[in-house]
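Have a look at the structure below before the remarks.
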Amino acid sequence: MKQDLLSFANWTPEDTKALLDLAVTIKQNPAKYSQVLAGKSVAALFEKPSLRTRVSFDIGINKLGGHMVYLDVQGGKLAGREDNVDTAANLACWADAIVARVFSHSTLEDYAKAAKVPVINALCDKYHPCQGLADYLTMYEAFGKTEGLTMAYIGDGNNVTHSLLIVGALLGCNQVVVTPPGHEADPEIVAQAQAIAAKTGVKIVQSNDIDAAIGADVLYADTWLSMGDDTPLEAIKDKFMPYQVNEALMEKTGAKYVMHCQPAHRDLEITGSLIDSEQSLLMQEAENRMHAQNAILTKLLSS
Ligand code: CP
Ligand code: NVA
């Protein structure tokens, strides 16, 4: 039976660790995996802009011997022409997998239901699973493990927060989520992560107090306004500014590294100087998007 990757919430800790190990192996032995997608094609459909996801999938698929077709549906002529289920069923007539970045998670559920090939979530309103896996690959490389570490996410409770919570719970990484009041992570998704954490022994803390991040190994920032959120920056800036990830916060918390999924907004959610510092893992995360996704593709297209 085909397997989709919509969120990781239905994965086991063992399978997730095996996937992380596969990403490490593929990164270290690219030649060995250069033909795993030979003769295979992937349709990649984007309802929202992308730099990292689009390019890392395209080049990554090429490195595995496969071929990607990019479909731009950002307000273009493809949008709204037919039902989601029909789009996906048609794509599955030619493609061996569908990668999709969409506004609504329910679109991915429609695709997964209608397509006879794996559907991979390239970001939606609720999750960003490829980002989550790449980020724990990066932590694994930085610390030699993910178990027993603590990641403190600081900012808006969003799709990236949710995937960090779920993948972190699966890989044994404790989580602190610090948000301004009213911008907490989705309680239903926190409950999904808590259920996994109860089995893996992971501690999840949520707070509006930035001091909750003291003692974390890594601080993680993301944009204060996600794609599709039309709130003017000026309307939330004062509320979020005390949650900026900067050098003083790194020192106060004792965190060794800083992470950010990018695109980053210098001197808003993170200082530009911290992005450029020795403590920054941002470019390693970007590079690891490709290796993590290649592990996902290898797993879903060869099983
Ligand atoms: N981190 C990430 O998904 O970047 P893009 O939006 O550029 O793909
Ligand atoms: N939370 C951000 C992540 C971008 C990669 C967004 O959805 O815009």
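These values consider heavy atoms only, across backbone and side chains, with no hydrogens, waters or symmetry-generated copies. Remember, it's 1-based here, ligands and their atoms both numbered in the order they're listed.
For ligand 2, the polar-atom distance check against Gln262 finds no nitrogen or oxygen pair separated by under 3.5 Å. Between Met227 and ligand 2, an N or O atom pair is found at a separation short of 3.5 Å. Close N/O approach between Asn158 and ligand 2 is found [any backbone or side-chain N/O within under 3.5 Å]. At least one N or O atom of Cys261, backbone or side chain, sits closer than 3.5 Å to an N or O atom of ligand 1.
Ring centroid separation for the pair Phe143 and Tyr257 comes in under the 6.0 Å cut-off. His183 has its ring centre no less than 6.0 Å from the ring centre of Tyr243. Taking the six-membered ring for Trp and the full ring otherwise, the centers of Tyr127 and His105 sit less than 6.0 Å from each other.
Applying the 4.0 Å criterion to heavy atoms of Leu123 picks out, from ligand 2, the atoms 3 (C), 4 (C), 5 (C), 7 (O). In summary, the atoms of ligand 1 found under 4.0 Å from a heavy atom of His128, numbered by their order in the structure, are 2 (C), 3 (O). For ligand 1, the atoms closer than 4.0 angstrom to any heavy atom of Leu51 are 5 (P), 7 (O), 8 (O).
Atom 8 (O) of ligand 1 has its nearest heavy-atom neighbour, among Ser50, Ala134, Pro263, Ala286, in Ser50. Comparing Ser50, Ser226, Cys130 by heavy-atom distance to atom 6 (C) of ligand 2, the nearest is Ser226.
Contact annotation: Arg289 has at least one heavy atom less than 4.0 Å from an atom of ligand 1.
Closest to atom 1 (N) of ligand 1, if we only count protein heavy atoms, is Gln262 O, 2.8 Å. In terms of protein heavy-atom proximity, atom 6 (O) of ligand 1 is closest to Arg101 NH1, 2.8 Å. Of the protein's non-hydrogen atoms, Asp222 OD2, 3.7 Å is the one closest to atom 3 (C) of ligand 2. Here the heavy atom of the protein found nearest to atom 4 (O) of ligand 1 is Arg52 NE, 2.9 Å.
Looking at heavy atoms from C-beta onward, Gln131 lies out of side-chain contact with Ser163 at the 4.5 angstrom threshold. Taking the side chain as every heavy atom from C-beta outward, Asp156 and Ile236 never approach each other to under 4.5 Å. Contact check for Ile189 versus Ile166: side-chain heavy atoms found under the 4.5 Å cut-off.
Cluster annotation: Leu20 is not connected to Met290 through the hydrophobic network of ILVMFWY side chains, with a link wherever side-chain heavy atoms come within less than 4.5 Å.
The local environment of CD in Glu82 is crowded, with over 12 non-hydrogen atoms from other residues, nucleotides or ligands closer than 6.0 Å.
Of the charged side-chain nitrogens involved, at least one lies within less than 4.0 Å of a carboxylate oxygen, so that Glu141 and Lys27 count as a salt-bridged pair.
Heavy atoms of Thr223 found under 4.0 angstrom from ligand 2 belong exclusively to the side chain.
Side-chain contact of Glu247 with Thr271: a donor-acceptor pair under 3.5 Å is present, judged by distance alone.
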